[in-house]
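Right, one structure below, let's go through it.
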2 protein chains.
Amino acid sequence: MALTRDDVLTGALAILDEYGLGDLTMRRLAGSLGVQPGALYWHVANKQALLGAIADRILDGLDGGLPVGDWDTRITELAHRLRAALLAHRDGAEVVAAAYALQTGRGQTVRLMTEVLADAGLDETEAELAALTLLHYVFGHTADEQSHAQAAEHEPAGAPGALASGTARFGFGLSVFVDGLRARLV
Amino acid sequence: MALTRDDVLTGALAILDEYGLGDLTMRRLAGSLGVQPGALYWHVANKQALLGAIADRILDGLDGGLPVGDWDTRITELAHRLRAALLAHRDGAEVVAAAYALQTGRGQTVRLMTEVLADAGLDETEAELAALTLLHYVFGHTADEQSHAQAAEHEPAGAPGALASGTARFGFGLSVFVDGLRARLV
DNA sequence: ACCTGAACACCGTTCAAGT
DNA sequence: ACCTGAACACCGTTCAAGT
């Protein structure tokens with residue numbers, strides 16, 4: 001039963017989740033799959049391509065069933081979903097941010113955000129810039145959360161002080177951004 | 001004439017500027033200084049510490065002579081200065097962002113931004129969160145500029161279309177952020 | 001105090017050769 | 001088609017020993 005490209009990606013995600021990006025090496029991955037390092041290069045061009053494919057997996061299904069409503073609730077929902085997707089895997093923000101930086105295309109996430117913001121009334125250029133700005137915020141905030149990570153895995157339901165929880169802290173910055181955009185639209 | 005810690009940092013910055021972060025290895029640095037790799041560890045604890053010291057150099061003198069005036073002009077000036085400092089060295093944003101992620105303290109940049117925003121009327125927690133948000137934006141935007149980098153080193157004086165130049169694009173996102181904060185203050 | 005020599009335990013990637 | 005074996009050209013870090 002030969003190895004599948006899918007097996008390789010799944011194995012890589014498993015190592016990422018359990019040991020983190022620093023321990024995700026081609027040799028270690030090969031070992032966990034019971035195969036020689038060189039074998040991986042039959043399924044994947046190189047490590048960079050592997051990380052790109054992992055990033056795609058992490059972001060998969062991000063845009064399913066977006067609520068129809070005001071632009072601000074839609075963009076807020078998108079941002080929260082992106083953060084959740086990144087938080088779902090150890091070092092997820094770092095992996096996806098690194099993969100994104102290399103491709104100017106940037107996948108559909110930016111396109112979707114741009115679309116929502118253009119609908120809101122921004123012109124094409126501003127909408128795309130605003131989408132990138134938001135993306136940077138989500139990546140930066142989430143990477144921060146994950147680097148200070150470990151504990152506080154699942155936030156307790158009755159959170160303590162005002163902006164203690166990660167979600168609340170994230171929401172604050174997000175609302176500043178949305179407020180700023182609103183000011184530009186009136 | 002023995003090597004100095006200062007020589008090591010200067011040599012490291014030279015390699016960074018000329019070849020980029022990917023080529024800044026301890027062995028290469030040692031070679032450029034005419035010394036064995038092990039010698040570096042007399043002057044610097046490890047590579048992480050070296051990168052931290054480089055980050056400090058890049059950010060050095062960031063807060064000198066901040067204009068006295070409204071909070072929004074001050075925070076805008078600070079953000080522009082931070083971006084300029086990062087742009088002054090190849091891969092500067094990536095280096096400083098990586099170094100920042102590891103130290104919760106975060107140096108004085110955040111502290112200064114927090115101070116300005118607290119003066120503006122935000123409470124302590126919100127001011128610090130807002131400062132971090134702004135920091136993420138600056139890092140994200142600048143890292144993006146530098147990864148798509150190379151060409152467009154010095155923007156021509158008479159820039160073309162609306163948001164073509166890096167500075168203008170940066171300014172747009174920055175003003176969204178500042179507008180959002182203003183909305184929170186009235 | 002400062003550095004060399006030499007090692008240890010790794011990397012990513014390539015590629016003939018096997019099945 | 002898919003993988004092994006073995007190599008190539010690297011890494012960061014440690015540490016006795018030299019000066």
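Computed from a predicted model, the values in this text were never measured in an experiment. Naming convention: chains lettered A, B, ... in sequence-line order (proteins, then strands); numbering from 1 in each chain.
Within the nucleic acid shown, A:Ala2 comes within 4.0 Å of sugar-phosphate atoms alone, with no base atom in reach, counting heavy atoms only.
In this structure, B:Leu40 places its CG atom 13 Å from C1' of D:dC11, rounding to the nearest Å. Taking atom CD1 of residue A:Ile15 and atom P of nucleotide C:dG12, one finds them 10 Å apart after rounding to whole Å. To the nearest angstrom, C1' of C:dT14 lies 12 Å from CE of A:Met26. Atom OH of B:Tyr41 and atom C1' of D:dG12 are 4 Å apart (whole Å). Remark: P of C:dT13 and CZ of A:Arg28 are 18 Å apart, rounded to the nearest angstrom. In this structure, A:Asp23 places its CG atom 17 Å from P of C:dA9, rounding to the nearest Å.
Between B:Gln36 and C:dG5, a side-chain N or O to OP1/OP2 separation shorter than 4.0 Å is present. Regarding contacts with the backbone of D:dA1, every side-chain N or O of A:His43 stays at 4.0 angstrom or more from both OP1 and OP2. For D:dC2, the OP1/OP2 oxygens have a side-chain nitrogen or oxygen of A:Trp42 closer than 4.0 Å.
Under a hydrophobic-cluster definition in which Ile, Leu, Val, Met, Phe, Trp and Tyr are linked whenever side-chain heavy atoms come within less than 4.5 Å, directly or via other members, B:Leu3 and B:Ile54 are assigned to the same cluster.
Taking 4.0 Å as the cut-off between side-chain N and carboxylate O, B:Asp23 and B:Arg90 do not count as a salt-bridged pair. With salt bridges taken as basic N to acidic carboxylate O contacts below 4.0 Å, one links B:Arg182 and B:Asp179.
The 5' end of DNA chain D is approached more closely, in terms of each residue's nearest nucleotide, by A:Met1 than by the other of B:Arg27 and A:Met1.
Ring-centre distance between B:Phe177 and A:Tyr137: not below the 6.0 Å cut-off. A ring-centre distance under 6.0 Å is not found for A:His136 and B:Phe139.
Base pairing in DNA chain D yields stems of at least 3 consecutive Watson-Crick or G-U pairs, both distances under 3.5 Å, namely C:4-8 with D:12-16, C:12-16 with D:4-8.
With 3.5 Å as the limit, one finds no donor-acceptor pair spanning the side chains of A:Arg169 and B:Thr125.
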